[in-house]
Amino acid sequence: MSIRFTGTPASPGVSIGPAFLLNVEEIRVKKRTLKTGEEVEIELERFNDALEKTRSELESISEQVSDIIEGQQLIEVHILLLNDPSIISEVQNRIKNEQVSAEYAVSAVLYDILERFNAIKDPYLRNRSVDVRDVGRRVIANLLGTETEALSTLKSPVILVARDLDPSQTAGLSRRQLLGIVTDLGGSTSHTAILARSMGIPAVVALNDVAESAVPGQIIIIDGIHGNVILDPDDEELDFYSRLKKRYNIAEAEIALNAESPAATADGKRVELSANIEFSLEADQIRRFGGYGIGLFRTEFIRLLTPGVEDNEEMHYRAYKHVLQTMNPEPVIIRTLDLGGDKFLSSIPTVEKNPFLGWRGIRICLDRPEKFTGQLRALLRAARHGNARIMLPMITGYDQVLKVTVMLENIAAELDREGVPRGDIPQLGIMVETPAAAIGIDILLPYTDFVSIGSNDLTQYTLAVDRGSPYVSKLFDSLHPAVIRQIDIVARKCREAGKWVGICGQMASDPLAIPLLLGYGLNELSVPMTLIPDVKEIISVIRMSEVVPLAQKALTMESSDEIRKYVLDYVRSKYPDVILDEIHREKIDRGR
Ligand code: PEP
Ligand code: MG
C-alpha cells in the first residue's frame, strides 16, 4: 500500500528511485574524564588535529561546489564558525578545567550554544543553529573517527531521505548520485532547499514523519513541483508520475525554445508573465524559464544568505543592483520589507495574539523609519542600474502611500547632498491585499502608479482564514465569489484610471483561475519562476473572446465549487492532458 505525504515544495522536478536513509548522529557523547596533565595535553592536541581535519574537509567541499555561489557562501560561514576564537577557547578551557575528553568538551559547548539558540524567538535566527550543529558534528565525528561521508560511497543514484540534512552534507552531495531529497524538517528557504534548487535536484521538505516511515531501498516518488512524496507507489501512481516526469523533462528541454516568445492568448492578447523571486541569484534563471520581468521580489529573505548579520543598506543595494542589471531593460518590482505575520520578526516583540492583524508590512516600515530609510536609500541608489519599481505591502489607506512618496523625495535630496549616485525615483505601486484596499481602490488610485493584487493575503483577509493554520486551510479558497468580485472591481477601476494592474499571489499560477484573471483584464501574472512554462502554455490556448464573458458569468455564481466546475468545463477541451490530470488529482486531494 502506498503512503502519500505532502510537504513544502523546495526544488522543482519529478524523480522516482530507491530510498537512501541518512541518519544524522546525535551530538551528545559520553563523558570521559582525564586523570593526568599529560592526558589533558593529548586531548588539546586531538582537538587541534580535529579542527585541522574539519577545516580541510570544508575546504574540499568548497572546491566541489565552486560553481554554486550559495554553496560557497555557506561553507565560508562554516569555516568562520570553525575558526571562532571564543568557541575554540571555550572548548580548550573545558578540557583543562573540567579534565574531560575533547569530544565531550566539544559536545558540551555545542549543547550550550544550541540551548541559547533555542531560546531565540525569531525563527529565522533560531534556524541558524543548524550551521553551528553541522560544524560541531563534523568536529566530533573527526575526533571519534566515525564516517560522516556515508553518501560518498554510494554506487547508484538514490533519493535521499532524512529527518534533517546538515547544510554542509547537502553541499557535499554528488549531483550524479542524487535523484532527489526529502526531509521531515526544513522550509522552502532552508539551506537544503536553496542548494537543491541551485543543483537542479527535486526536493520536498517539511514532511514531518517521512523518515520514520521510509524503508531503505523502497521506491519513492518525489514531486518537487507540488510538494508530494509517495512511498511504495502503486501502478496507477507510478504511471501518473512517470508521465509527469517525462512531461517535466520535455518541458525543460522545450523551455529554451519557448523562452524567447512572449506569453500571448490564442487570439493575440499579450500578457506580461513575470516571476516571483526571493533571492537575487534567482534572477539569473528567469530568462531561461521564459519569464518577462519580475513581478514580485520579496526582500525579507535577502539577509538569509549572510547568517548572523542584520540586513543593511549595502546588502540590499547589492541584491537590487544584481537583479536590476540582470533583468534590464525589463521591469523589476521590488517589494519593501513585509515582515510580521508569517514572515520572521527580528527584534520585534511577539506579544500579539493575532500577528496577521497586527504589526506587519508597511505598518512596521512607517513606525521604524530608521530601518525603512536604509531600504529606500538602497532602492534609489540601485535604480540607476535598471528598470526598478517599488511596491508597498499591506496597504489600507492613501496616507501610507503619501508618506512613502514624501520619504522618497527627501531621501533623493539627501543622496544628492551627499553626492551619492542614484537613479530617478521609481514608479511607486501598492499591493492590494486587504478588502480595505480592494473596495477602496478608487481612493488609492490617485496616489499610486500601479497595482498588484496579493491574492494570498486578499483571500486570507476576505475569508477570515489564517493562511498558515491547518485547521482552517480547507476554507482558504481564492475562487470564492467574494475574492473574485474584488479582483474584478480592482481590475475595472484600474483600467478606467489608466493604471497598470497585475497579480502576484499563488492564484496567478492556478490553472483554473487563469481564465478568470485574464477575463477580468489583468495586465500581468507573476508566478513562481518554475511554473512560467506551464502558465505560458495555458495562456496560449485561452481566447479573450471566450474568457471575458466567462469571467463575468462567474461573478454571478454563489460558491467556489460552482465557479470551479464552470471553469473546468471550459478548460476541459483546451488544456493539455497532463494539466487536466493535475487538476483532477488536486480535486481529489482537496476532497481528502
Ligand atoms: C500575497 O499576499 O498574495 C503575496 C504575494 O504576498 P506574500 O505571499 O509574500 O504575503
Ligand atoms: Mg502578502
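Count residues from 1 along the sequence. In listed order, ligands and their atoms are each counted from 1.
Below 4.0 Å from some heavy atom of Cys504 lie the following atoms of ligand 1, by number and element: 5 (C). Under a 4.0 Å criterion applied to the non-hydrogen atoms of Leu296, ligand 1 contributes the atoms 5 (C). Listed by atom number, the atoms of ligand 1 under 4.0 Å from Asp457 heavy atoms are 1 (C), 2 (O), 3 (O), 10 (O).
Side-chain N/O atoms of Tyr320 and Gln375 include a donor and acceptor closer than 3.5 Å. Side-chain N/O atoms of Trp500 and Glu272 include a donor and acceptor closer than 3.5 Å. A donor and an acceptor atom, one from each side chain of Thr396 and Thr434, are nowhere located under 3.5 Å apart. One side chain, Gln460 or Asp457, offers a donor N or O that lies under 3.5 Å from an acceptor on the other.
Side chain of Asn387 to main chain of Pro329: a donor-acceptor pair is present (N/O by atom type, distance under 3.5 Å, no hydrogens or angles).
Distances shorter than 4.0 angstrom do not occur between any heavy atom of Met507 and any atom of ligand 1.
Residues Thr336 and Leu376 have side chains in contact (heavy-atom distance under 4.5 Å, counting atoms from C-beta outward).
Here Gln506 has no heavy atoms under 4.0 Å from ligand 1, in either its backbone or its side chain. Under 4.0 angstrom from ligand 1, the non-hydrogen atoms of Arg335 all belong to its side chain.
Rounding to 10 degrees gives 100° for the angle at the Mg ion (ligand 2) between OE2 of Glu433 and OD2 of Asp457.
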